[in-house]
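Just so it is clear, the model here is predicted, and its values are computed rather than measured. For the numbers below, each heavy atom of this structure counts, side chains included, while hydrogens, waters and symmetry mates do not.
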Number of protein chains: 2
Amino acid sequence: MSESAKKSEQTRRRILEAALTLFQKRGFTETTMRDIAKEAGVALGATYYYFDSKDAIVMAFYEQAQQEWVPAAEKTLSESKDLKQRLTGVIDAKFKCFAPHRRLLATLSGHIDPQHPLSPFSEPTRHIRDRDISFMTRALEGAKVKLTPDLKPFMPRVLWLYQLGLLLFWIYDRSSQQRKTNQLFEKSLAIVVALIRLSSFALLRPIRKLAADLLGLLYEESPVASETSV
Amino acid sequence: MSESAKKSEQTRRRILEAALTLFQKRGFTETTMRDIAKEAGVALGATYYYFDSKDAIVMAFYEQAQQEWVPAAEKTLSESKDLKQRLTGVIDAKFKCFAPHRRLLATLSGHIDPQHPLSPFSEPTRHIRDRDISFMTRALEGAKVKLTPDLKPFMPRVLWLYQLGLLLFWIYDRSSQQRKTNQLFEKSLAIVVALIRLSSFALLRPIRKLAADLLGLLYEESPVASETSV
DNA sequence: GTCTATATGGAGATAGAC
DNA sequence: GTCTATCTCCATATAGAC
């Protein structure tokens with residue numbers, strides 16, 4: 001049994017790898033299930049034996065990327081107490097995991113709809129998202145920054161959203177070596193960190209109040225969460 | 001000839017209307033070209049005579065919505081000199097035009113890719129986008145606000161992006177009557193306007209500098225513009 | 001349990017008659 | 001301009017061999 005389990009797992013990996021290779025080379029839509037089967041050296045039916053659908057392959061990819069990312073993010077958190085560096089590390093690790101699959105992500109970013117299983121806001125991807133956010137919490141907590149109590153509970157989610165925005169920009173960044181994303185990352189993070197520090201100053205209190213109110217409303221029950229009514 | 005031109009235009013409208021009705025009722029992907037033809041009372045081939053593709057129908061919709069929006073936006077600009085009210089008016093008009101087609105927009109928001117013709121960042125939609133942005137310019141210029149010269153050239157595009165973000169949120173806002181979007185709109189606009197006013201104060205100079213640098217880099221040649229390299 | 005071979009049904013699009 | 005008939009392609013399903 002451990003024999004066959006091994007072999008089975010091997011086939012599964014071969015199919016997944018074949019799919020990811022083709023997705024990267026030709027794009028998601030352009031790659032057919034037949035192509036994947038052929039590339040993996042199995043029959044079409046076999047790919048459906050291991051993956052319920054084409055989308056399911058993508059989900060498997062998410063999981064795999066997450067598994068790579070967690071230890072890398074973990075490591076950077078242990079290396080510095082500086083907020084900017086902590087955030088840089090965590091987000092950078094994400095970029096590194098996704099880099100070999102930029103093309104796939106491009107086709108995917110189509111699914112913003114929280115109802116779509118593959119959406120970063122969906123229920124099926126919740127565990128991945130929550131994990132991501134928990135690292136933002138830790139990045140903040142391990143750093144020496146003061147957060148006012150009105151903003152504190154929201155900051156991890158806000159940072160997660162910020163990181164998602166960066167990823168989205170990166171996916172479509174056609175400048176060579178994604179130079180622009182690098183600059184955007186560096187400079188915008190400086191702004192983010194500066195704002196976090198400034199946010200506790202009295203002068204900005206009115207704006208902070210507005211922001212906290214807003215976040216309270218939005219996250220009270222998330223509009224990206226799945227209420228069933230349309 | 002004016003006879004047949006009229007009749008032709010009529011058929012075209014009938015097809016467009018049928019499509020939009022179905023898109024709203026069932027969603028874009030779920031509606032087939034056959035459904036549209038049937039609803040419009042023509043043969044499948046006829047719809048392809050008037051519209052090159054399913055996507056082309058959507059493009060026609062964009063144009064139509066824009067045509068509705070322009071005079072409405074125009075009107076609000078003539079009604080107030082207050083920045084917040086001007087922005088509210090312009091953006092609100094957009095929501096009103098799009099409201100009957102929220103469902104269609106949902107399926108569409110999939111195309112963030114600037115390479116995709118229907119993307120809000122694409123070349124084919126540039127004229128629409130530029131028109132939108134020109135209204136942001138006018139909203140700013142007709143109001144009594146001081147903008148520092150480093151930020152000034154970017155603000156219209158930033159505001160356009162802001163409005164796009166609101167639309168995106170709205171599209172997937174499942175709260176009843178899109179209540180959350182309304183709150184988001186109101187409160188975030190207050191923040192935006194407050195930030196614009198604050199931006200000329202000395203204390204925020206360092207952050208403004210960062211932001212201006214950043215915008216300069218991003219828009220120097222837009223990363224969402226179509227460089228041909230991948 | 002693992003996989004092959006084959007079938008199904010529906011989509012967007014087109015060619016060419018009327 | 002409009003229609004009918006048809007093409008091509010694909011995700012997915014299934015029957016049954018090993």
Gap between atoms [atom1] and [atom2], on [X] and [N] respectively (whole Å):
| X | N | atom1 | atom2 | answer |
| --- | --- | --- | --- | --- |
| B:Ile36 | C:dG12 | CD1 | P | 8 Å |
| B:Ile15 | D:dG1 | CD1 | C1' | 10 Å |
| A:Tyr50 | C:dT4 | OH | C1' | 13 Å |
| A:Phe51 | D:dT12 | CZ | P | 14 Å |
| A:Met33 | D:dC9 | CE | P | 19 Å |
| B:Asp55 | C:dA11 | CG | P | 16 Å |
| B:Asp35 | C:dG10 | CG | P | 11 Å |
| B:Arg14 | D:dG1 | CZ | C1' | 12 Å |

Original post:
Going by number, which of residues 17-30 of chain A have a non-hydrogen atom under 4.0 Å from DNA chain D?
Top reply: none

Subject >> DNA chain D contacts among residues 37-46 of chain B, heavy-atom distance under 4.0 Å >> reply: B:Val42, B:Ala43, B:Gly45, B:Ala46

Original post:
For atom CD of A:Glu186, is the number of surrounding heavy atoms from other residues, nucleotides or ligands below 6.0 Å larger than 12?
Top reply: no

Subject >> Heavy atoms of other groups near B:Glu79 CD, more than 12 under 6.0 Å >> reply: yes

Original post:
Mind checking whether A:Trp160 and A:Phe121 have parallel, tilted or perpendicular rings, split at 30° and 60°?
Top reply: perpendicular

**OP:** Report the relative orientation of the aromatic rings in A:Tyr219 and A:Phe154; use parallel for angles under 30°, tilted for 30 to 60°, perpendicular for over 60°.
**Re:** parallel

Side-chain N or O of [X] versus OP1/OP2 of [N]: is the shortest distance under 4.0 Å?
| X | N | value |
| --- | --- | --- |
| B:Tyr49 | D:dT2 | no |
| A:Ser8 | C:dG1 | no |
| B:Thr11 | D:dG1 | no |

**OP:** Can you figure out which of D:dT2, D:dC10, C:dA13 approaches the side chain of B:Lys54 most closely?
**Re:** C:dA13

Original post:
Does the separation of the ring centres of A:Phe135 and A:Trp69 fall below 6.0 angstrom?
Top reply: yes

**OP:** Start with the C-alpha distance between B:Asp55 and B:Ser53, add both sets of side-chain angles, then the distance that settles side chain to side chain donor-acceptor pair (under 3.5 Å), and finish with yes or no.
**Re:** CA-CA 5 Å; B:Asp55 282 358; B:Ser53 68; 5.2 Å; no

**OP:** Apply side chain to side chain donor-acceptor pair (under 3.5 Å) to B:Tyr49 and B:Thr11, showing your working.
**Re:** CA-CA 11 Å; B:Tyr49 177 76; B:Thr11 311; over 6 Å; no

**OP:** Using a heavy-atom cut-off of under 4.0 Å over every strand shown, decide if A:Thr31 touches base, sugar-phosphate, or nothing.
**Re:** sugar-phosphate

Subject >> Closest non-hydrogen atom pair, B:Ala60 against B:Arg12 >> reply: CB-NH2, 3.9 Å

Original post:
Got a donor-acceptor pair under 3.5 Å from the side chain of B:Arg34 to the base of C:dG12?
Top reply: yes

**OP:** With sequence neighbours left out, write down each residue that passes salt bridge (charged side-chain N to carboxylate O under 4.0 Å, His left out) with B:Arg138, or none if nothing qualifies.
**Re:** B:Glu74

